[in-house]
Amino acid sequence: MILNLLKERFAAALQNITDNPAEYLDLIRVSQDPKFGDFQANFAMLLAKKLGKNPRDIAAEIITNLDITGICEPPEIVCPGFVNLRLTNELLEKLLKRASADTQQLGIEVLPTDKRKTIVIDYSGPNVAKPMHVGHLRSIHRIGL
């Protein structure tokens, strides 16, 4: 949900910079390390190469056109042109309140019965000193999602 909203906002910000903003939107991702924020936009270097400009200047231009009010804190540019984003506490609070108020599903979308899949989860407890066999399977859980 948040990632899609960020992609929409970045698409609008990229309109004046590139003819095809959609090709760069998949480079907006959840950060691998929390010290870099919640999300990262990693396309300034690709755009800089294509446009023959400095990646940091491209990132600054994108941020100038970017409206993420109410979603993220002011973006941070990190060399060589990554844009780090941190969600606002207000947005996180709103999302948590919405999820906790939904006692049936806790904010998780449940698929209609005809679209659900059965997922089998095996837990095993192999003894590395012996060959693996069916006796190592502890339990099988079926989840209808």
Side-chain angles (χ1 to χ4, degrees), residues 1-128 132 134 136-145:
M1 177 182 106
I2 296 170
L3 184 58
N4 290 335
L5 183 58
L6 287 174
K7 286 181 178 184
E8 288 174 17
R9 301 292 175 97
F10 271 96
L14 288 168
Q15 289 294 329
N16 297 331
I17 298 170
T18 181
D19 295 334
N20 188 8
E23 70 180 286
Y24 299 100
L25 298 180
D26 284 337
L27 294 172
I28 302 168
R29 298 185 177 137
V30 175
S31 294
Q32 298 293 336
D33 189 337
K35 72 180 178 184
F36 298 123
D38 300 307
F39 292 90
Q40 290 179 308
N42 302 330
F43 47 74
M45 289 177 289
L46 289 175
L47 274 168
K49 191 178 223 181
K50 184 176 180 181
L51 301 173
K53 294 182 178 180
N54 182 323
R56 199 167 174 82
D57 294 340
I58 295 288
E61 188 177 347
I62 292 166
I63 287 175
T64 302
N65 298 325
L66 183 63
D67 178 19
I68 51 171
T69 307
I71 302 169
C72 296
E73 301 294 334
E76 175 186 20
I77 300 173
V78 181
C79 283
F82 298 110
V83 178
N84 293 341
L85 303 161
R86 295 186 193 285
L87 299 174
T88 64
N89 289 337
E90 293 78 19
L91 177 66
L92 292 172
E93 182 180 342
K94 178 180 164 184
L95 293 172
L96 285 172
K97 282 182 180 179
R98 184 186 309 162
S100 65
D102 185 0
T103 57
Q104 289 285 355
Q105 300 173 18
L106 293 176
I108 299 170
E109 179 185 356
V110 176
L111 295 172
T113 308
D114 62 328
K115 301 233 185 226
R116 291 185 187 177
K117 298 178 184 175
T118 298
I119 299 171
V120 177
I121 302 173
D122 288 337
Y123 297 95
S124 65
N127 181 344
V128 294
M132 180 84 164
V134 75
H136 288 107
L137 294 177
R138 305 265 170 127
S139 62
I140 296 177
H141 295 279
R142 290 180 179 267
I143 303 171
L145 296 174

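The only option from Ile71, Leu66, Leu25, Asp38 that meets the side-chain contact (heavy atoms from CB on, under 4.5 Å) definition with Leu6 turns out to be Ile71.
The shortest distance between side-chain heavy atoms of Leu46 and Glu23 does not fall below 4.5 Å. Proximity of Leu91 to Glu93: side-chain heavy atoms (C-beta onward) are nowhere separated by under 4.5 Å.
In this model, a donor atom of one side chain and an acceptor atom of the other lie less than 3.5 Å apart for Thr69 and Asp67.
Here Ile28 contributes atom CD1 and Glu8 contributes atom CD; the two are 10.5 Å apart, rounded to the nearest 0.5 Å. Remark: Lys7 NZ to Leu3 CG distance equals 4.5 Å, nearest 0.5 Å. For the atom pair CD (Gln15) and CG (Asn20), the distance works out to 9.5 Å, reported to the nearest 0.5 Å. To the nearest 0.5 Å, atom CG of residue Asn42 and atom OH of residue Tyr24 are 14.0 Å apart.
Phe36 has its ring centre no less than 6.0 Å from the ring centre of Phe82.
Taking 4.0 Å as the cut-off between side-chain N and carboxylate O, Glu90 and Lys94 do not count as a salt-bridged pair.
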query = What's the verdict on side-chain contact (heavy atoms from CB on, under 4.5 Å) for Leu47 and Ile62, showing C-alpha distance, side-chain angles and the deciding distance?
reply = CA-CA 11 Å; Leu47 274 168; Ile62 292 166; 4.2 Å; yes
request  = Could you walk me through whether Ile68 and Phe39 pass side-chain contact (heavy atoms from CB on, under 4.5 Å), step by step?
outcome  = CA-CA 12 Å; Ile68 51 171; Phe39 292 90; over 6 Å; no
query = Yes or no on side-chain contact (heavy atoms from CB on, under 4.5 Å) for Phe43 and Ile58, after CA distance, side-chain angles and deciding distance?
reply = CA-CA 9 Å; Phe43 47 74; Ile58 295 288; over 6 Å; no
Ile17/Leu51 under side-chain contact (heavy atoms from CB on, under 4.5 Å): CA gap, chis, key distance, verdict = CA-CA 9 Å; Ile17 298 170; Leu51 301 173; 3.8 Å; yes
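Atom CG of Asp19 has 12 or fewer heavy atoms from other residues, nucleotides or ligands within 6.0 Å. Within 6.0 Å of atom NZ in Lys53, 12 or fewer heavy atoms from other residues, nucleotides or ligands are found, so the atom counts as exposed in its surroundings.
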